[in-house]
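As structure tokens, the structure follows; a few thoughts come after it.
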Amino acid sequence: MNLFRKIVLGAAVLGFMAGGTAEAANKIVMDGSTTVGPIAKSFAAYFTKTTGVQVTVSESGSGNGAKSLINGTCDIANMSREMKDKEVAAAKSKGVKPVEHIVAMDGLAIVVHPSNRVNALSKAQIRGIYNGKYTNWSQVGGPNAAIVKIQRESNSGTQDSFKELVMGKDNPISKKAETQASNGAVKNRVASTPAAIGFIGLGFVDNAVKAVMVDGVEPDERTVKNGTYPITRPLFMYTNGQATGVVKQFIDLKNTPEGKRMISELGYVNR
Amino acid sequence: MNLGTRKILDRSFTAVGFGSIAVMGIALLIVLVPIITNGIGSVFFTGTIEHRNMLFNEFGRGNREELAKENAASEVYRKQIYGMLSAFEAELETMDSEKKQDYLSKYGPVKTALQTLIGPLPGEAEAILTRYKYGQTRWGKAEEKLHEFLYETRWDNSNPDAMAKEYFVSQATEFEGTSLVKLFPFVEEHLEDVLRPRFTVYWGFLTDSSVDSHIFGGIWPEIQGTFFLAVGAMLFAFPLGVIAAIYFTEYAREGFFNSILRSANSTLAGVPSIVFGLFGLAFFINTLKVSESKSVLAGSLTLAIMILPTIIRAAEEAILSVPKTYKEASLSLGSTKWNTIMTVILPAALPGIITGGVISLGRAAGETAPIIFTAAVSVGSAIGLADVFSSPTPALSWNIYNLASEHEAAAEIRHVQYGMVLALVSIVLMLNLSAILLRARISKKLKG
């Protein structure tokens, strides 16, 4: 009987833990980009607070977001790049119709350590640094120090955007570039390595790193919005078919004044 | 070998032994002390009035009247700060446009720094994100931010061949000759009066949900998620593991098939955990579709597969260590094989089996890789027991990683990260401790 009592007690404890949030009938599951992550997390907190619908956000990279949507394991895929033709085809073959929604605009900030003298780089110079043509900061007007190039993993939408917008087709990134798995990790690496260079979403830039001018243009809300900053890209949320119900309500947050405020407070740019 | 050398060898071996224990102890201290001191700092710290306001507004905790009184006392000094700001703004209007532009570009950062320090300034639209609604909630952080407010960081580029050197310029000298100059010494002197630091014990860190992705609030959803995942893994793995061990030790005939099974089991124990994670995603979620999305169920199943080999091995060892005479005595009394296993062998082996089980439970609680793709999310609320079949959950191990690398404000919330680490270490430690106690109790019972 002793054992039985213990089991009942255990069940009671579990029941107590289950209390309170048992009636989460509809929920939204999001997966994907770490760049869109802060927007998704803030939207999620706001949405749960105002409507009571549970929203969960995973940040596993744009590529994984796309895979999750194709496999039907998430409602919204956050992506910092457009879905590739291959992914769209894979989705079609599984009966999933990806529909894109642009949530915000983002400038890809090229960041260096604040102690680096370099304040401006041209796109050609950045390309030269990443394809291995320039290996020392003195070649691009900086101090005499070997350049540490930081890139993102292959799953990253930011990596794809960088390749497309800066490197171009026949210009692969040097194999010597070091890989980090998220915007935050790139920022930390650059902040702790004086000779490093990396690229992160505008929302992640803070005092620990310095965003350089690209082709003479400072990355900020104004230049990203009017398109003068050369490395600008939209951030997406993808749904399966046109969004309906709570998912539609969630996606539409981006058009509400509150949603717009959140996007700009986080350092991203409204479209 | 003569006696002298033998003695020396013996002594030196003892010395090496003690030495290695000492090194291990020091290493453990180096690892544990920062975890414990910083982790405790997430519950016990010097909190400011901003923390108390945040608790009151977001969680409805605290005494309304007392808080109002405190806010009124703080307001006296805030008013003077706001007064200085508006006086300077009025002064700006009287300057010629070039000078005004120059000062405005310096004034912006000062205002932002002040806002980070003491919270929103009057006349600005209220922020939507909770992180911008309050100033510094922790006094330690406030002192850091005070430095950022008082001094501007500049970089000395005089040597073109080397990296620039950091140096600080007092903001007060930047505004020499204007009315704003008074603001900096005033804030420095009266920051305590404005923020009213007080020793705070915030147990809510363990029982609250997070506010604005871990910037404020606690880690309850993560603790609960870890608990669900580990217990879920145990529910699947423990019975299966014990049954498999019984088969291996009592029923299986030695042979080719059996030895392959055994070596497969040993190999499985050495497979890296990320492989289990990917397997879990491919098998449980994409193929079997145990749930629509990532879920506690899928995560538990994946963890269960990961810890299964360990449980089987531990149970096997425990069963094999039961003296043969027990079994022979039982069988000679006319008991069946099944009956012998259930009433004689298993109870005698139970302490060993349980120890293996609980150690695996600790491992399941601490693993990150298997749950990345199958169960863990970076933000989500605490889920109910009814949701474990369909909902993913935050979990300590994964969120520690997330806060350390991916979070956009990682440097601001190190204390949360340390708090999570301490919570996870304590949970695993408590599980192991309970295993030891349980084992002792059961062994005592068996002997007595």
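Letters A, B, ... mirror the listed sequences (proteins, then strands); counts begin at 1. Atoms considered below: every heavy atom in the structure, side chains included; atoms not considered: hydrogens, waters and symmetry mates.
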Run the side-chain contact (heavy atoms from CB on, under 4.5 Å) check on A/L266 and B/L129 step by step: do they pass? CA-CA 8 Å; A/L266 285 166; B/L129 295 176; 3.6 Å; yes
Is the [atom1] atom of [X] crowded by more than 12 outside heavy atoms at less than 6.0 Å?
{"X": "B/Y167", "atom1": "OH", "result": "yes"}
{"X": "A/N144", "atom1": "CG", "result": "yes"}
{"X": "A/K49", "atom1": "NZ", "result": "no"}

To the nearest 0.5 Å, what is the distance between [atom1] on [X] and [atom2] on [Y]?
{"X": "B/E292", "Y": "A/D75", "atom1": "CD", "atom2": "CG", "result": "8.0 Å"}
{"X": "A/K27", "Y": "B/S390", "atom1": "NZ", "atom2": "OG", "result": "4.5 Å"}
{"X": "A/T56", "Y": "B/I383", "atom1": "OG1", "atom2": "CD1", "result": "9.5 Å"}
{"X": "B/I372", "Y": "A/S60", "atom1": "CD1", "atom2": "OG", "result": "9.0 Å"}
{"X": "B/E406", "Y": "A/N188", "atom1": "CD", "atom2": "CG", "result": "11.0 Å"}
{"X": "B/E408", "Y": "A/E59", "atom1": "CD", "atom2": "CD", "result": "7.5 Å"}

A/G142, A/G184, A/G37: which one forms the most heavy-atom pairs within less than 4.5 Å of chain B? A/G184
Most heavy-atom pairs under 4.5 angstrom with chain B, which of A/P114, A/G267, A/A185?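 Top count of heavy-atom pairs under 4.5 Å with chain B: A/P114.
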Evaluation steps, side chain to side chain donor-acceptor pair (under 3.5 Å), between A/S58 and B/K294: CA-CA 10 Å; A/S58 320; B/K294 293 177 180 183; 3.1 Å; yes
Grab the two heavy atoms, one from B/I285 and one from A/T73, that are nearest each other, plus how far apart they are.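 Closest pair (atom of B/I285, atom of A/T73, distance): CG2-CG2, 3.3 Å.
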Looking only at heavy atoms, which two atoms of A/S182 and B/S405 are closest? And how far apart? OG-O, 3.6 Å
Under the side-chain contact (heavy atoms from CB on, under 4.5 Å) criterion, do A/C74 and B/S293 qualify, and how do the steps go? CA-CA 6 Å; A/C74 71; B/S293 62; 5.8 Å; no
Side chain, backbone, both or neither of [X] within contact of chain A (heavy atoms, under 4.5 Å):
{"X": "B/K289", "answer": "side chain"}
{"X": "B/A411", "answer": "neither"}
{"X": "B/E126", "answer": "backbone"}
{"X": "B/A127", "answer": "both"}
{"X": "B/A376", "answer": "backbone"}

Chain B contact via [X] - side chain, backbone, both or neither, heavy atoms under 4.5 Å:
{"X": "A/V55", "value": "backbone"}
{"X": "A/N71", "value": "both"}
{"X": "A/S138", "value": "neither"}
{"X": "A/A191", "value": "neither"}

Choice from B/A125, B/S378, B/G380 maximising heavy atom contacts with chain A below 4.5 Å: B/S378
With the threshold set at 4.0 Å, does a side-chain nitrogen-carboxylate oxygen contact exist between A/E265 and B/R131? no
Any sub-3.5 Å donor-acceptor pair from A/R117's side-chain atoms to B/D156's backbone N or O? no
